[in-house]
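Everything below concerns the one structure shown next.
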Amino acid sequence: MLSAVGAYQLEQVLKASERLRERQVPHSVIYMLEPGRFRQPRSKGENAHLAPAGLQKELYPDAVPARVFVSHTRPEVLIGTLQPLHTGRSKMGGLGYINHGGTLNVPGMLFVNRCSWAHILEETARVLAAPREALLTAPELAAIDGKSRPEGVII
């Protein structure tokens with residue numbers, strides 16, 4: 001499952017989804033508008049605003065533990081908020097802002113914060129326990145590993 005929180009993140013998730021489709025990797029894409037509706041409620045008021053349990057199970061069934069969340073916020077905060085959806089470190093990943101800047105465009109910002117479509121595929125391979133090479137080409141791997149420039153390959 002690929003879940004995006006944020007418009008730029010959804011764009012990258014959809015690009016990653018296209019590659020997964022090309023490689024015939026079953027998956028789903030979810031755009032999560034309000035992550036707080038999936039949290040462990042801290043009060044009766046929060047409990048009243050949770051996404052219904054049936055919807056949560058429909059979107060995030062227990063039978064599909066491999067999950068990657070991509071956010072415009074710090075991934076640790078998002079993963080903590082989404083604790084009820086957590087399936088374990090080996091099966092769930094989070095990508096988001098990691099305090100890297102110095103770029104003058106959105107694709108560059110997403111790349112340096114490890115939130116590009118290629119980074120999403122790398123994290124997807126990890127949660128699927130698959131080799132990165134199954135989802136990424138050699139030039140793409142070189143770019144995300146910092147061995148070559150990402151321009152023209154990823155961004």
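Side chains are part of it too, since the values below use all heavy atoms of this structure and drop only hydrogens, waters and symmetry mates.
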Audit row: Val127, Val68, side chain to side chain contact (heavy atoms under 4.5 Å, CB included) steps and yes/no: CA-CA 8 Å; Val127 301; Val68 175; 3.9 Å; yes
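- Summarising the geometry, atom OG1 belonging to Thr87 is positioned 9.5 Å from atom CG belonging to Asp62; distances are rounded to the nearest 0.5 Å.
- For Tyr60 and Phe69, the ring centers are positioned less than 6.0 Å apart.
- In His49, the NE2 atom is not crowded: 12 or fewer heavy atoms of neighbouring residues, nucleotides or ligands sit closer than 6.0 Å.
- Heavy atoms only, all atoms of each residue included: Pro75 and Tyr97 are closest at CD-O, 3.5 Å.
- Linking ILVMFWY residues whenever their side-chain heavy atoms come closer than 4.5 Å, directly or via other members, places Leu128 and Leu136 in the same cluster.
- In this structure, Arg19 pairs ionically with Glu140, as a charged nitrogen and a carboxylate oxygen lie closer than 4.0 Å.
- His27 NE2 to Ser17 OG: the interatomic distance, rounded to the nearest 0.5 Å, is 2.5 Å.
- Between Glu151 and Arg149 there is a salt bridge, since a side-chain N of the basic residue sits under 4.0 Å from a carboxylate O of the acidic one.
- If you take CD1 on Ile154 and CD on Gln12, they are separated by 10.0 Å, rounding to the nearest 0.5 Å.
- Using a 4.5 Å heavy-atom cutoff, the side chains of Leu141 and Arg132 are in contact.
- The heavy-atom pair separating Ser116 from His119 by the smallest distance is OG-ND1, 2.7 Å.
- For the atom pair Gln24 CD and Arg21 CZ, the distance stands at 12.0 Å (nearest 0.5 Å).
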What verdict does the side chain to side chain contact (heavy atoms under 4.5 Å, CB included) test give for Asn99 and Arg74, after you've listed the backbone C-alpha separation in whole Å, the side-chain angles of each residue and the deciding distance to 0.1 Å? CA-CA 8 Å; Asn99 204 31; Arg74 295 186 187 275; 3.9 Å; yes
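- Summarising the geometry, atom CZ belonging to Phe38 is positioned 8.0 Å from atom CD1 belonging to Ile30; distances are rounded to the nearest 0.5 Å.
- In this structure, Ile155 and Pro107 approach most closely via the heavy-atom pair CG2-O, 3.6 Å.
- Residues Ala143 and Ser148 share a closest heavy-atom pair of N-OG, 3.4 Å.
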For side chain to side chain contact (heavy atoms under 4.5 Å, CB included), just list the numbers for Leu20 and Leu2, CA-CA rounded to whole Å, side-chain angles, deciding distance to a tenth of an Å, and then say yes or no. CA-CA 11 Å; Leu20 292 173; Leu2 302 178; 3.8 Å; yes
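- With salt bridges taken as basic N to acidic carboxylate O contacts below 4.0 Å, one links Glu123 and Arg126.
- Under a 3.5 Å cut-off, the side chain of His86 and the backbone N or O of Pro84 do not form any donor-acceptor pair.
- In this structure, OG on Ser71 lies 11.0 Å from CG on Asn113, to the nearest 0.5 angstrom.
- Shown here for Leu78 and Pro35, the closest heavy-atom pair between the two residues is CD1-CB, 3.8 Å.
- Of the possible donor and acceptor atoms, one in the side chain of Arg67 sits under 3.5 Å from a partner among the backbone N and O of Leu85.
- Between Pro131 and Ala125, the closest heavy-atom pair is O-CB, 4.0 Å.
- Grouping the Ile, Leu, Val, Met, Phe, Trp and Tyr side chains by contacts below 4.5 angstrom, directly or via other members, places Leu135 apart from Leu110.
- No donor-acceptor pair closer than 3.5 Å links the side chain of Arg114 to the backbone N or O of Gly96.
- Looking only at side-chain heavy atoms (C-beta outward), Leu82 and Arg39 stay at 4.5 Å or farther from each other.
- In this structure the side chain of Ile79 never reaches within 4.5 angstrom of the side chain of Val77, judged on heavy atoms.
- One hydrophobic cluster, built from ILVMFWY side chains closer than 4.5 Å, cannot hold both Val29 and Leu59; they sit in different ones.
- Hydrophobic clustering, with ILVMFWY side chains joined whenever heavy atoms are under 4.5 angstrom apart, keeps Ile144 apart from Met109.
- Grouping the Ile, Leu, Val, Met, Phe, Trp and Tyr side chains by contacts below 4.5 angstrom, directly or via other members, places Val64 apart from Ile120.
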